[in-house]
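Encoded as structure tokens, the structure appears first; notes follow it.
Just so it is clear, the model here is predicted, and its values are computed rather than measured. Numbers here simply count residues along the sequence, with the first being 1.
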Amino acid sequence: MSLNVLIIAEDIRYDQYMIAPIIRGMMKRLNQPTAKVLCCQDPRFRGYAQATDWERLLSRVFGRYQQVDAFVLCVDRDGEAGRDDALRALETKAEQVGIRLFATAAHQELEAWVLAGCKAFKPTDYSFESWQAVRADRDVKERAFEPYAIASGASQGPGGGRMRLGEEAGRLYASRVRRKCAELQRLEDRMGAWLATRSA
């Protein structure tokens with residue numbers, strides 16, 4: 001059974017390089033290696049408020065991409081504890097109109113997902129006591145990801161190194177990323193449960 005997944009991000013210019021390979025890795029783990037995972041390029045949202053605006057999503061995304069089986073909305077938490085509840089509310093609204101939406105917030109930034117999949121990244125090299133401290137930092141992009149991208153020689157590539165490092169994270173999703181990022185495990189569990197009902 002074919003599966004079309006469309007990723008929605010708050011800044012697709014950079015986020016696509018991180019989210020897409022990780023979701024592809026997730027699909028492989030969920031026994032969906034041929035799933036078509038694409039990123040929403042039109043419209044291009046700018047910021048959390050636009051990417052989570054229900055009316056924009058309904059008219060400009062859900063109504064437009066009707067061939068999509070599942071939408072995956074990924075944003076940064078940015079230290080805002082209420083975002084998880086807001087994302088669950090969006091999922092519920094979508095379900096009520098027959099749209100399968102999976103929404104999650106990276107803790108605290110998407111760049112942490114990528115760092116989770118980088119074997120050479122060591123938190124102590126960037127003044128962090130532990131991986132948990134990396135995940136908890138609201139400025140992990142500036143304090144850890146960007147310096148690591150420079151040190152690894154990836155920063156001159158697309159997305160400031162996000163493409164190269166994101167692909168590495170995607171390849172190691174099953175063995176490293178999901179284990180270090182609980183929100184991705186929860187997303188995987190929800191998608192797995194839905195896929196099980198879809199194939200039943």
Side-chain angles (χ1 to χ4, degrees), residues 3-30 32 35-114 116-117 135 138 140-141 159 162 166 169-170 173 177-178 181-195 197-198:
L3 178 65
N4 295 314
V5 178
L6 188 70
I7 292 167
I8 305 165
E10 55 185 313
D11 188 353
I12 202 66
R13 297 173 304 162
Y14 297 104
D15 296 351
Q16 63 183 321
Y17 298 120
M18 300 181 285
I19 304 171
I22 286 171
I23 296 301
R24 289 188 185 108
M26 183 183 294
M27 291 299 100
K28 288 178 182 177
R29 181 173 164 76
L30 290 170
Q32 298 291 327
K36 189 174 183 179
V37 178
L38 299 175
C39 295
C40 182
Q41 301 286 349
D42 185 14
R44 288 191 165 205
F45 297 122
R46 294 299 300 273
Y48 172 83
Q50 287 189 10
T52 58
D53 182 279
W54 172 248
E55 294 303 326
R56 286 178 191 251
L57 290 170
L58 188 60
S59 63
R60 301 186 64 191
V61 181
F62 304 149
R64 181 173 185 174
Y65 298 99
Q66 296 184 14
Q67 76 281 13
V68 169
D69 300 300
F71 297 87
V72 179
L73 171 62
C74 297
V75 298
D76 295 327
R77 181 170 286 115
D78 286 333
E80 301 292 337
R83 289 193 174 177
D84 289 330
D85 290 339
L87 294 174
R88 293 295 81 73
L90 279 178
E91 288 185 347
T92 299
K93 282 185 175 182
E95 186 175 6
Q96 290 170 347
V97 295
I99 301 295
R100 177 51 61 184
L101 171 67
F102 296 94
T104 191
H107 189 90
Q108 296 287 337
E109 295 186 300
L110 294 165
E111 283 78 6
W113 291 356
V114 174
R135 273 175 54 75
R138 285 186 57 176
V140 68
K141 176 172 58 181
R162 288 168 179 81
Y173 170 79
V177 181
R178 69 179 300 276
C181 301
E183 67 272 26
L184 284 171
Q185 288 188 37
R186 292 191 292 270
L187 177 63
E188 180 188 309
D189 288 345
R190 299 204 312 277
M191 293 195 77
W194 169 68
L195 286 167
T197 62
R198 186 170 181 260

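- Residues H107 and R77 have side chains that bring a donor and an acceptor to within less than 3.5 angstrom of each other.
- Residues satisfying the salt bridge (charged side-chain N to carboxylate O under 4.0 Å, His left out) test with D53, not counting sequence neighbours, are none.
- Minimum heavy-atom separation, A51 to L73: O-CD1, 3.7 Å.
- Residues D78 and R83 have side chains in contact (heavy-atom distance under 4.5 Å, counting atoms from C-beta outward).
- Annotation: side chain of L187 is in contact with side chain of I23 (closest heavy-atom distance under 4.5 Å).
- You'll find the side chain of M26 reaches within 4.5 Å of the side chain of L184, heavy atoms only.
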Audit row: I22, L110, side chain to side chain contact (heavy atoms under 4.5 Å, CB included) steps and yes/no: CA-CA 11 Å; I22 286 171; L110 294 165; over 6 Å; no
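- Of the listed residues (L6, L101, V97), just one forms a side-chain contact (heavy atoms from CB on, under 4.5 Å) with F62, and that residue is L101.
- Nearest heavy-atom pair, G192 versus L30, reported as atom, atom and distance to 0.1 Å: CA-CD2, 3.8 Å.
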Full working for side chain to side chain contact (heavy atoms under 4.5 Å, CB included) between L38 and Y65: CA-CA 11 Å; L38 299 175; Y65 298 99; over 6 Å; no
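- For the pair E80/Y48, no side-chain contact is recorded, criterion being any heavy-atom separation below 4.5 Å from C-beta on.
- Between Q32 and V5 the shortest side-chain heavy-atom distance does not fall below 4.5 Å.
- The CZ atom of R60 lies 9.0 Å from the SG atom of C40; values are rounded to the nearest 0.5 Å.
- Separating the CE atom in M27 from the CG atom in L195 is a distance of 6.0 Å, to the nearest 0.5 Å.
- A 4.5 Å side-chain heavy-atom check between Q108 and V140 finds every atom pair outside the cut-off.
- Taking a 6.0 Å sphere around CD of Q185, one finds it holds more than 12 heavy atoms contributed by other residues, nucleotides or ligands.
- The backbone N or O of G170 lies less than 3.5 Å from no partner atom in the side chain of R24, so there is not a single donor-acceptor pair.
- Nearest heavy atom pair, residue I19 against residue C74, reads CD1-CB, 3.5 Å.
- N4 places no side-chain N or O within 3.5 Å of a backbone atom of D69 that could act as its donor or acceptor partner.
- Summarising the geometry of L87 relative to A105, their closest heavy-atom pair is CD1-N, 3.6 Å, with the distance given to 0.1 Å.
- Here the closest heavy-atom approach between residue A9 and residue F45 is recorded as O-CB, 3.8 Å.
- If you take CZ on R178 and CH2 on W113, they are separated by 13.5 Å, rounding to the nearest 0.5 Å.
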Test side chain to side chain contact (heavy atoms under 4.5 Å, CB included) applied to K28 and Y173, step by step: CA-CA 9 Å; K28 288 178 182 177; Y173 170 79; over 6 Å; no
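- Here CH2 of W54 is found 14.5 Å from CZ of R56. Values are rounded to the nearest 0.5 Å.
- A donor-acceptor pair under 3.5 Å links the side-chain atoms of E109 to the main chain of K141, judged by distance alone.
- Taken from CZ in R64 to CG in D42, the straight-line distance is 4.0 Å, to the nearest 0.5 Å.
- Without hydrogens or angle criteria, Q66 side chain to G63 main chain gives a donor-acceptor distance under 3.5 Å.
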Verdict with supporting geometry, Q41 and I12, side chain to side chain contact (heavy atoms under 4.5 Å, CB included): CA-CA 7 Å; Q41 301 286 349; I12 202 66; 3.8 Å; yes
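- One finds the CZ atom of R88 at 4.0 Å from the CD atom of E91 (value rounded to the nearest 0.5 Å).
- Annotation: side chain of L3 is not in contact with side chain of K36 (no heavy-atom distance under 4.5 Å).
- By the 4.5 Å heavy-atom criterion applied to side chains, R13 and R162 are not counted as neighbours.
- Remark: the backbone N or O of A103 is paired with a side-chain donor or acceptor of R190 at under 3.5 angstrom.
- Of the possible polar contacts, none joining the D76 side chain to the A106 backbone as a donor-acceptor pair under 3.5 Å is found.
- Considering all non-hydrogen atoms of both residues, A20 and C39 come closest at CB-SG, 3.9 Å.
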